[in-house]
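Before any comments, here is the structure.
Letters A, B, ... are given to chains in the order of the sequence lines, protein chains preceding strands, and every chain is numbered from 1.
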Amino acid sequence: MARSRVPAAASPAKLGPLLSRRFFARSVHEVAPELIGATLLVAGVGGLIVEVEAYHHTDPAAHSYGGETPRNRVMFGPPGFAYVYRSYGIHWCVNFVCEAEGSASAVLIRALAPTHGLGVMRKHRGLDDERSLCSGPGKLTQALGITIAHNGAPLDIEPFAIHRRTVEPDIVTGPRIGISKAIELPWRYGLKGSRFLSKALPG
DNA sequence: ATCTAGATGTCCT
DNA sequence: GGACATCTAGATG
C-alpha cells in the first residue's frame, strides 16, 4: 500500500539573505541549530541543510581538542571560513568555523536535501537516487565538488553562498555519529522528519 | 534488514 | 602500528 502521505520532494525553498561571516561569530550551540533549514550552495549547487553536528575545542571528539596541527589550522582561525579535512583517507568533510579566533570550534555539515543543480550532483556522485546524493558528510562534499582546495575559503564569498532560512523548522537532536569520545553529548541537530538525514533521528 | 571488509590521509603512541 | 567526525559492495538473515 502507498503511504498516506508522501513527503514533498525537496523544493527550492524561498532563499533568505546571504549569511555574512558575522553570523558564525557565536557559540556553535547557537549556530548549529540555526543552520538547519539554511541553504548551502557551492557554485550554485547544493540544497537545504538538514543535519549538522557541533564540535568545540573543549570537546574530546573535536579535531581541535589536542591543539593546532597543519590539518586543523583553519579551525583556530576566525569564524566564517570553511574547514575541510579528509576522512578515513577517502572522503572530504566540510565544517563551518564558529565563535572567535582561537576558539577552534566548528559545525560539521552532515546532510542536505538537494535543491539546486541536481544534474551536477548526480554526475559528481555517479548516482541517480536523490536521497543518496547528499545524505552524509562525505556524500555532500562529493556532490557539491568540495575538496581540500576549499579549505580556508570564506563562507560569504563565491563559490560559497549560504542563505538564511526563511521558516522556523522543527529540529530534533541526538548523539553525534561515528565518534568514540563524548558519545553521549546530544550535539547532532536534524530537520524533523527529513528523509535526507544520514541516519534517522527521533521524531 | 544487518554485517563485514576494504579503500587509505592524518594524527597519535 | 592503530584510531578515526565515512562510504560502498557484497554476503547473509
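- Nucleotides C:dA5 and B:dT2 are separated by 23 Å at their C1' atoms, to the nearest Å.
- The ring-ring contact (aromatic ring centres under 6.0 Å, His included) test applied to A:Y189 returns no partner, not counting sequence neighbours.
- A 4.0 Å heavy-atom criterion places the boundary nucleotides of DNA chain B facing chain A at B:dA7 to B:dC11, written 5' to 3'.
- Contacts classified as side chain to side chain donor-acceptor pair (under 3.5 Å) and involving residues 88-107 of chain A (residues at least two apart or in different chains) are given here: A:H56-A:E99, A:E99-A:S103, A:S103-A:S105.
- In this structure, the CG atom of A:N151 is 17 Å from the P atom of C:dA5, given to the nearest Å.
- Scored by the salt bridge (charged side-chain N to carboxylate O under 4.0 Å, His left out) test, A:R73 finds no partners at all (sequence neighbours excluded).
- Against DNA chain C, the stretch residues 51-64 of chain A makes heavy-atom approaches under 4.0 Å through A:Y55, A:A61, A:H63.
- In this structure, the side chain to side chain donor-acceptor pair (under 3.5 Å) partners of A:D59, at least two apart in sequence or on a different chain, are A:R176.
- Remark: A:D170 pairs with no residue by the salt bridge (charged side-chain N to carboxylate O under 4.0 Å, His left out) rule, at least two apart or across chains.
- Rounded to whole Å, the P atom of B:dA5 lies 15 Å from the corresponding atom of C:dG2.
- For DNA chain B, the residues of residues 76-94 of chain A within the heavy-atom distance limit of 4.0 Å (strictly under) are A:R86, A:Y88, A:G89, A:I90, sorted by number.
- A:K199 has its NZ atom 13 Å from the C1' atom of C:dC7, to the nearest Å.
- When rounded to the nearest whole Å, the span between NZ of A:K181 and C1' of C:dG2 equals 12 Å.
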A correct dot-bracket answer for DNA chain C, with pairs being Watson-Crick or G-U at under 3.5 Å, [ ] for crossing pairs and | for inter-strand pairs, is ||||.|||||||.
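- Remark: A:R165 pairs with A:E168 by the salt bridge (charged side-chain N to carboxylate O under 4.0 Å, His left out) rule, at least two apart or across chains.
- Atom pair A:N72:CG and C:dC4:C1' shows a separation of 14 Å (rounding to whole Å applied).
- Listed by chain and residue number, A:H150 satisfy the ring-ring contact (aromatic ring centres under 6.0 Å, His included) test with A:F160 (two or more places apart in sequence, or in another chain).
- Side-chain proximity of A:I177 to C:dT6, C:dC4, C:dA5: nearest is C:dT6.
- Partners of A:S198 according to the side chain to side chain donor-acceptor pair (under 3.5 Å) rule, which considers only residues two or more places apart in sequence or in another chain, are A:E51, A:R110.
- A:T39 contributes atom OG1, which lies 10.5 Å from atom CG of A:L18 (distance to the nearest 0.5 angstrom).
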